[in-house]
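Below is one structure; the comments refer to it alone.
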Amino acid sequence: MADAAVSGGSGEAPGDVSAFSPAREEGRGGIDRRAPPTRCAVITPALAKRATRGAPERRSPQSRLEEAVGLAAAIDLDVVYSATIPLSEIRPATFLGSGKVEELEGVVRAEAVDLVFFDAALSPVQQRNLEKAWSAKVVDRTALILEIFGMRARTKEGALQVELAHLNYQRSRLVRSWTHLERQRGGFGFLGGPGETQIEADRRLIGDRILRIEKELEQVKRTRGLHRASRKRVPYPIVALVGYTNAGKSTLFNRLTRAEVMAKDLLFATLDPTLRAVDLPHGTRIILSDTVGFISELPTQLVAAFRATLEEVLEADLILHVRDISHPDTDAQAADVSDVLEDLGVDPQPGGRVIEVWNKIDRLAPEEREQVENRAARGGAEAPVPVSALTGEGTEDLLGLIERRITAGRVTVSVTLAAEDGEGLGWLYRHGEVLERTTDEDGAIHVALRIPPDRAGLVTRRFGARRVHPT
């Protein structure tokens with residue numbers, strides 16, 4: 001397959017999902033890991049209201065810059081320069097004004113910058129013009145997030161989803177860089193007609209690869225559907241963790257499940273979903289699902305590619321929205337998560353299926369912590385739960401609330417078992433919440449069981465209608 005030019009003719013292969021990774025070998029447009037880390041400049045435009053068409057900014061320019069630097073650090077880039085650039089209007093050719101482009105050209109040259117991370121969505125023309133002006137590789141927010149996801153994916157499904165998103169992103173950025181391959185000869189004989197251009201060939205190859213990946217992901221979607229159907233036959237409610245990246249979801253997941261999922265103070269530390277069984281205080285068993293973290297301006301290609309994974313959230317009985325309550329932009333982060341949930345068709349408001357979990361209370365000063373706990377206490381039935389996933393504070397209250405929400409609306413039945421029916425007793429413990437168990441003098445076992453209404457028929461069929469009595 002011929003190489004395709006991406007982002008100004010740098011020559012990356014169109015099917016390569018690591019086009020901007022520091023792990024690539026020299027000679028293919030990337031950086032050898034044996035070489036020093038790639039020197040990176042981070043530029044965050046601060047748009048005036050008229051440039052954003054009056055839409056209010058949820059974050060301060062400084063916090064946006066800090067997040068952008070965190071994204072660069074998540075992919076092992078050496079950030080040697082970072083700045084916020086005030087911008088009154090977006091220029092079609094270069095995004096920035098000509099004076100600012102020249103000023104940053106001097107910075108790139110003085111700091112020996114190899115890569116500029118521009119924390120906004122750039123058009124192919126803007127990206128190419130900035131690369132020419134600065135004589136350095138330029139990547140926008142979408143490209144960098146795609147690259148981070150490519151590095152974090154560990155399963156075949158995750159790799160396919162990232163590759164699909166990356167190919168859709170690259171397809172619009174193929175540019176002319178093969179003047180010696182302007183046309184491939186077509187037709188028969190020595191004087192065949194003009195064939196397709198190199199760009200057309202690359203676009204066709206990318207399109208073919210996209211179709212193959214989409215077929216594979218359809219199979220993944222069917223497989224996930226079968227898994228969900230099998231889980232529904234065993235009444236284990238699904239509880240999904242969602243939240244802004246680095247809010248502490250994986251740490252909370254490890255705390256509740258005693259698992260060892262990767263959890264670091266790093267943006268997008270985990271990507272592939274993980275499911276584990278958890279027993280609640282009164283014996284109710286649930287399946288806890290840890291999902292990918294969200295972020296502001298999450299690329300639409302990723303949301304579309306990861307829809308099969310995010311369907312775990314759609315099918316969940318409860319959704320725990322984990323917030324880093326110690327972060328200065330916690331409200332803005334919560335709004336971004338709500339936007340993604342709404343895009344997926346989930347009502348993000350607390351109550352219903354969503355429980356807000358205010359994580360990292362251990363990082364708060366005593367006065368701030370008292371205020372947070374008082375705010376939570378005034379929340380009533382929709383109150384958030386303050387916790388520290390790191391220390392375990394508040395997690396017992398969280399598990400208790402999950403159990404109350406899961407068991408709300410369930411019915412209680414009484415079952416009588418013969419003394420020798422150990423298999424039936426085990427079945428009851430696996431499929432419901434045993435509230436009470438007593439044994440008669442003759443050995444008969446009486447069990448009070450709480451189950452969902454639609455599961456009462458299972459108990460009736462297995463143990464006989466005469467021995468099942470609503471209480």
Side-chain angles (χ1 to χ4, degrees), residues 20 42-47 52 55 57-77 79 82 84 117-122 139-153 158 161-162 165-166 168-169 240-253 262-273 290-307 309-310 313 319-344 346 348 356-357 359-360:
F20 312 116
V42 176
I43 306 299
T44 298
L47 302 176
T52 59
E57 280 284 350
R58 288 175 174 170
R59 293 174 177 76
S60 66
Q62 183 59 33
S63 64
R64 290 184 60 237
L65 180 61
E66 290 174 0
E67 181 178 275
V69 171
L71 285 170
I75 201 170
D76 300 328
L77 296 173
V79 179
S82 61
T84 299
F117 169 34
F118 198 92
D119 188 27
L122 293 174
V139 297
D140 64 3
R141 185 179 180 88
T142 298
L144 195 74
I145 292 176
L146 286 172
E147 182 60 18
I148 294 171
F149 272 53
M151 290 184 66
R152 298 288 186 267
Q161 290 168 325
V162 173
H166 210 297
N168 281 315
Y169 173 79
L241 295 171
V242 301
Y244 207 80
T245 181
N246 211 26
K249 297 186 307 303
S250 295
T251 304
L252 181 61
F253 182 86
M262 178 184 176
K264 289 186 177 180
D265 188 12
L266 188 69
L267 298 181
F268 298 117
T270 54
L271 173 59
D272 296 304
D290 185 19
T291 59
V292 62
F294 301 151
I295 196 169
S296 63
E297 301 173 42
L298 188 67
T300 55
Q301 296 98 327
L302 274 176
V303 175
F306 276 76
R307 188 163 291 275
T309 299
L310 294 173
V313 177
I319 298 171
L320 303 185
H321 177 184
V322 183
R323 293 177 53 180
D324 178 358
I325 200 64
S326 68
H327 197 284
D329 285 326
T330 181
D331 291 333
Q333 291 180 351
D336 288 327
V337 173
S338 295
D339 288 345
V340 178
L341 289 176
E342 285 183 341
D343 289 343
L344 294 172
V346 175
E356 274 203 2
V357 181
N359 191 25
K360 303 189 182 182

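Bear in mind the structure is a predicted one, so any value in this text is a computation, not a measurement. The chain is numbered in sequence order, starting from 1.
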Any chance you could measure Glu356, atom CD, to Leu320, atom CG, to the nearest 0.5 Å? 11.0 Å
Side chain to side chain, Leu341 and Phe294, heavy atoms closer than 4.5 Å: yes
Among Ile43, Leu77, Leu71, side chain to side chain contact (heavy atoms under 4.5 Å, CB included) partner for Phe117: Leu71
Sorted by chain and residue number, the side-chain contact (heavy atoms from CB on, under 4.5 Å) partners of Pro61 (sequence neighbours excluded) come out as Ala46, Thr84
Sorted by chain and number, sequence neighbours left out, side-chain contact (heavy atoms from CB on, under 4.5 Å) with Val79 holds for Val42, Val69, Ala72, Ser82
Between Ala68 and Asp119, what is the shortest heavy-atom contact and its length? CB-OD2, 3.6 Å
Less than 4.5 Å apart, any side-chain heavy atom of Asp324 and any of Tyr244? no
Side chains of Tyr169 and Asp140: does their closest heavy-atom pair fall under 4.5 Å? yes
Sequence neighbours excluded, the answer for salt bridge (charged side-chain N to carboxylate O under 4.0 Å, His left out) partners of Asp329 is none
With a 4.5 Å cut-off on side-chain heavy atoms, are Ser63 and Gln333 touching? no
Which heavy atom of Gly248 sits nearest to which heavy atom of Val322, and what is that distance? C-CG1, 4.4 Å
Checking Thr330 now: which residues fulfil side chain to side chain donor-acceptor pair (under 3.5 Å) with it, not counting sequence neighbours? Arg323
Would you mind telling me which of Ile145, Val337, Asn246 makes a side chain to side chain contact (heavy atoms under 4.5 Å, CB included) with Ile295? Ile145
Taking ring pair (Phe, Tyr, Trp, His ring centres under 6.0 Å) as the definition, give me every residue that meets it alongside Phe118, ordered by chain and number, with sequence neighbours left out. Phe95
Contacts of Thr44 meeting side chain to side chain donor-acceptor pair (under 3.5 Å) (sequence neighbours excluded), chain-then-number -> none
Separation of Lys249 NZ from Leu241 CG (nearest 0.5 Å): 8.0 Å
Once side chain to side chain donor-acceptor pair (under 3.5 Å) is applied, do any residues pair with Asp336, and if so which ones, sequence neighbours excluded? Arg58, Arg59
Working to the nearest 0.5 angstrom, can you tell me the gap between His327 NE2 and Ile325 CD1? 11.5 Å
Could you give the distance from CD (Glu67) to CD (Gln62), rounded to the nearest 0.5 Å? 12.5 Å
